[in-house]
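Have a look at the structure below, then the notes.
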2 protein chains.
Amino acid sequence: MPGRYQWQNRFRENVCRWTVPREVILALLSRTTEHLTAKDIYGSLYSMYPGIGLTTIYRTLELLHRLGLVHKVAAGDGQSRYALKREDKGDHHHHLICTKCGKIVDYRDFVQEELELVKKTEEALAKKHNFAITDHNIEFLGLCEKCR
Amino acid sequence: MPGRYQWQNRFRENVCRWTVPREVILALLSRTTEHLTAKDIYGSLYSMYPGIGLTTIYRTLELLHRLGLVHKVAAGDGQSRYALKREDKGDHHHHLICTKCGKIVDYRDFVQEELELVKKTEEALAKKHNFAITDHNIEFLGLCEKCR
DNA sequence: ATTATAATTGAAAATGATTATCAATATCTA
DNA sequence: TAGATATTGATAATCATTTTCAATTATAAT
Ligand SMILES: [Mn+2]
Ligand SMILES: [Mn+2]
Ligand SMILES: [Zn+2]
Ligand SMILES: [Zn+2]
């Protein structure tokens with residue numbers, strides 16, 4: 001349980017309670033580097049925690065997203081996918097997405113170069129269009145090995 | 001009607017018929033630079049063409065996307081938005097997206113630099129992960145002037 | 001021009017992901 | 001420990017998009 005105490009604190013700051021479903025969902029997310037759908041999570045948790053509600057999973061993921069603990073990615077196949085943000089600074093990455101099956105691959109090649117460009121662009125755009133920019137996506141779309 | 005004949009030909013090549021709904025939808029898309037939802041289109045067309053079905057709009061947009069005539073963008077607010085691809089080479093652009101209201105702003109600043117990096121990254125990733133890459137997205141997310 | 005074929009349309013119903021409701025329960029604070 | 005209130009899970013509701021299917025229309029062949 002990597003950041004368990006940090007998580008608890010983050011929750012308390014926001015008047016959120018530390019509950020079993022939340023702990024179990026965070027634990028699952030921290031055990032994988034994959035990008036999971038709500039249903040993926042529901043399925044994985046079922047053996048350890050039958051009775052957990054899909055609704056709770058959606059609510060928890062939304063909360064974690066609001067607290068900035070997870071990334072939420074739209075793979076274009078209709079469902080959202082979630083992955084835990086790692087505290088590790090060098091973890092920033094971008095995505096390669098299969099538009100057929102929704103698979104998401106993290107990549108870190110050239111990310112440093114991309115980030116420099118992103119920073120420059122972001123500043124210019126924020127000013128020019130009066131946007132409060134909070135995030136960016138760089139993603140390549142196509143068909144994965146299995147789906148092509 | 002900018003590319004009307006090109007469109008007709010593109011349709012014929014694909015055993016697709018040139019119909020009134022398709023012409024009207026393309027005409028509408030070619031009159032604006034905005035990114036429209038299926039419902040936006042349905043609403044705009046209603047006066048000129050009452051009786052058009054929302055289903056037909058979805059089907060046509062999907063077809064246009066398959067033929068490579070429109071961009072399909074997921075603004076993260078649940079609906080997809082569509083914009084006609086311009087034949088003009090210099091039209092390539094990336095997006096600034098409001099996560100609250102779904103507004104999409106095209107930007108062309110720094111796009112040249114971005115494209116060089118994109119090209120390099122795309123080649124490396126395609127080889128490394130055995131993906132057939134067909135497209136890319138570079139988007140900045142945040143709140144627009146009205147929504148912040 | 002007429003006809004035959006197959007693509008297209010639109011209404012209605014179905015789907016599938018996500019959200020809202022609400023009574024029961026669990027967590028936290030004092 | 002007890003009370004205040006945040007959270008849960010079952011259920012129903014939304015909402016965008018798809019599917020079905022009989023009627024209509026565009027195109028190719030006569
Ligand atoms: Mn990722
Ligand atoms: Mn655009
Ligand atoms: Zn795939
Ligand atoms: Zn906005």
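Sequence lines set the chain letters: A, B, ... in the order given, protein chains first and strands last, and positions in each chain run from 1. The analysis underlying the following values was restricted to heavy atoms, covering all of them including side chains, and did not include hydrogens, waters or symmetry mates.
Distance from the side chain of B/Gln79 is smallest for D/dT17 among the nucleotides C/dT18, D/dT17, D/dG9. For B/Arg59, whose side chain is taken as the heavy atoms from C-beta onward, the closest listed nucleotide among C/dA17, D/dG9, C/dT9 is C/dT9. The nucleotide whose nearest atom lies closest to any side-chain atom of A/Lys39 is, among C/dT8, C/dA17, D/dT8, C/dA17.
No engagement by A/Thr37 is indicated, since no non-hydrogen atom pair under 4.0 Å with the nucleic acid exists. If you check every strand for non-hydrogen atoms under 4.0 Å, B/Tyr82 touches nothing.
Dashed line: the shortest gap from a side-chain N or O of B/Thr55 to OP1 or OP2 of C/dT9 is not under 4.0 Å. For the OP1/OP2 pair of C/dG10 and a distance below 4.0 Å, the side-chain nitrogens and oxygens of B/Tyr42 include no atom meeting the criterion. Phosphate contact (OP1/OP2 of D/dT8, side-chain N/O of A/Arg22, threshold under 4.0 Å): present.
Here A/His92 pairs with A/His94, A/Val111, A/Leu115, A/His136 under the side chain to side chain contact (heavy atoms under 4.5 Å, CB included) rule; sequence neighbours left out.
Between B/Lys72 and B/Glu62, at least one side-chain nitrogen of the basic residue sits less than 4.0 Å from a carboxylate oxygen of the acidic one, meeting the salt-bridge criterion.
Contact check of residues 10-19 of chain B against DNA chain C (heavy atom, cut-off under 4.0 Å) returns B/Val15, B/Cys16, B/Arg17, B/Thr19.
Axis angle, first five pairs versus last five pairs of the helix from C/dA1-D/dT30 to C/dA30-D/dT1: 40°, rounded to 10°.
Screening A/Val20, A/Leu63, A/Ile57 for a side-chain contact (heavy atoms from CB on, under 4.5 Å) with A/Ile25, the sole residue that qualifies is A/Ile57.
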Using the rule given for salt bridge (Lys or Arg N to Asp or Glu O under 4.0 Å), can you reason through A/Glu34 versus A/Arg81, listing the C-alpha separation, both sets of side-chain angles and the distance that settles it, and then say yes or no? CA-CA 9 Å; A/Glu34 281 185 75; A/Arg81 283 154 202 274; over 6 Å; no

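Computed from coordinates, the B/Ile57 CD1 to C/dT8 P distance equals 16 Å when rounded to whole Å.
Although no hydrogens or angles enter the test, the distance criterion places no donor-acceptor pair under 3.5 Å between the side chain of A/Thr32 and the main chain of A/Leu29.
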